[in-house]
Engineer: 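Dropping the structure in here first, questions after.
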Amino acid sequence: MNPRPTRWQDLQTLLAVVCIGLGLLLLLKNLRIITLALDLVVAAALMAMGLLMFVYYLRDRQQWWALFPAFALPALGLVIGLDALLPRLDLSGPIFLGGTGISFLAVYYVRREHWWPLIPAGVLLTLATMDTLKLLVPRLSVDWLFFMGLALTFGAVYAVSPNRQQAGWALIVAVVSGVIGLVTMSGAVLKYLFPLLLIAVGVYELVRSQRQN
């Protein structure tokens, strides 16, 4: 009777499958049987490795660490693939930071006793949101969003902590970050609000003067 494969042997098998697949793609490319850019081959390999790591986790739910590469590797592969196909479309920041942040959220989702993944998840997703807004509205000031993201992140850490007294430090960080974020945001808002207010006052006075004539 054959012994049951160990977890390490399962992982070795998955990595071996990826290596064989990547080798076949490179060989077919070098033989000019298929015409693929090397970047696309690497992107496909990273996505395949991420998928296999997710399958590895599903086979053994105790190996929660596999969720990190399960999300981060496909995100990196997507960045490389998009850069090869659409070089002018710079989405590397939002995709990679967002994918890595989601990996930490996934770890927290399956292991609720560990609160620490919420911190890198919140920071990375905040940075991904900032990069996305900068791409959509290049002239928009989003520095305040970083502090607001920290406030939400540490507020979540405090909220999910089983011992609120020991997690009081997280609440302090959340409050301080929130205050800094509000102050920074108010400065950014006033930059646009004050001119609009002047325009509104001018229009009001102009309309009132016309009615009096």
Side-chain angles (χ1 to χ4, degrees), residues 39 43 47 68 71-109 112 115-161 164-165 167-213:
D39 290 344
M47 292 181 182
F68 290 120
F71 287 91
L73 289 179
L76 181 58
L78 184 59
V79 168
I80 295 175
L82 286 177
D83 186 61
L85 296 174
L86 303 169
R88 295 184 179 180
L89 188 63
D90 186 13
L91 296 176
S92 57
I95 293 176
F96 182 68
L97 293 173
T100 308
I102 291 174
S103 71
F104 283 98
L105 276 183
V107 170
Y108 171 72
Y109 180 78
R112 297 294 180 89
W115 54 263
W116 60 267
L118 288 176
I119 297 178
V123 172
L124 290 170
L125 290 175
T126 298
L127 293 175
T129 303
M130 292 174 64
D131 283 353
T132 302
L133 289 177
K134 287 180 181 178
L135 289 174
L136 295 176
V137 188
R139 296 184 179 181
L140 180 65
S141 177
V142 295
D143 294 339
W144 57 271
L145 187 59
F146 177 74
F147 295 101
M148 298 303 292
L150 288 182
L152 291 175
T153 298
F154 286 96
V157 170
Y158 176 77
V160 303
S161 176
R164 297 290 179 83
Q165 293 182 348
W169 62 271
L171 182 60
I172 295 174
V173 175
V175 172
V176 172
S177 299
V179 171
I180 296 175
L182 288 175
V183 172
T184 308
M185 181 176 62
S186 63
V189 171
L190 287 175
K191 179 180 178 182
Y192 301 98
L193 184 61
F194 186 68
L196 292 175
L197 182 61
L198 289 177
I199 295 173
V201 172
V203 171
Y204 172 76
E205 292 296 333
L206 182 61
V207 172
R208 191 176 68 167
S209 65
Q210 292 296 324
R211 288 181 178 178
Q212 291 176 353
N213 292 335

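In this text the structure is predicted, and so the values were computed from the model without any measurement.
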Engineer: Work out which heavy atom in G81 is nearest to a heavy atom in A43; give both atom names and the distance.
Structural biologist: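 G81 and A43 have their closest heavy atoms at N-CB, 3.7 Å.
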Engineer: For S161, give me all partners under side chain to side chain donor-acceptor pair (under 3.5 Å), at least two apart in sequence or on another chain.
Structural biologist: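 Not a single residue meets the side chain to side chain donor-acceptor pair (under 3.5 Å) criterion with S161.
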Engineer: Please report the interatomic distance CZ(F68) to CG(L73), rounded to the nearest 0.5 Å.
Structural biologist: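 Rounded to the nearest 0.5 Å, the CZ-CG separation comes to 12.5 Å.
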Engineer: Run the side-chain contact (heavy atoms from CB on, under 4.5 Å) test against A106 and tell me which residues pass, sequence neighbours left out.
Structural biologist: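 Here the qualifying residues are L67, F71.
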Engineer: Nearest heavy-atom pair of D131 and G93: which atoms, and what distance?
Structural biologist: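 The answer is OD2-CA, 3.6 Å.
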Engineer: Hey, what do you get for CD1 (I80) to CZ (F96), rounding to the nearest 0.5 Å?
Structural biologist: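 Here the interatomic distance stands at 9.5 Å.
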Engineer: Which pairs of donor and acceptor atoms, one on a side chain in residues 176-183, lie under 3.5 Å apart (sequence neighbours left out)?
Structural biologist:
residue	atom	partner	partner atom	Å
S177	OG	V173	O	2.8

Engineer: Nearest 0.5 Å, please: how far is CD1 in I102 from CG in L97?
Structural biologist: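 Nearest 0.5 Å value for the CG-CD1 distance: 11.0 Å.
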Engineer: Identify, with sequence neighbours excluded, every residue that meets side-chain contact (heavy atoms from CB on, under 4.5 Å) alongside D83.
Structural biologist: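 Here no residue qualifies.
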Engineer: Which atom pairs, donor and acceptor, lie under 3.5 Å between side-chain atoms of residues 120-130 and protein residues at least two apart or in another chain?
Structural biologist:
residue	atom	partner	partner atom	Å
T126	OG1	G122	O	2.6
T129	OG1	L125	O	2.8

Engineer: I'd like to check W116 versus V157 (side-chain heavy atoms, cut-off strictly below 4.5 Å). Are they in contact?
Structural biologist: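 Answer no - side chains too far apart.
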Engineer: Output all residues satisfying side-chain contact (heavy atoms from CB on, under 4.5 Å) with P117, sequence neighbours left out; order by chain, then residue number.
Structural biologist: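 For P117, the residues satisfying side-chain contact (heavy atoms from CB on, under 4.5 Å) (neighbours in sequence not counted) are F104, V107, Y108, H114.
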Engineer: Does some side-chain heavy atom of L76 sit less than 4.5 Å from a side-chain heavy atom of I95?
Structural biologist: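 Contact flag for I95/L76 side chains = no.
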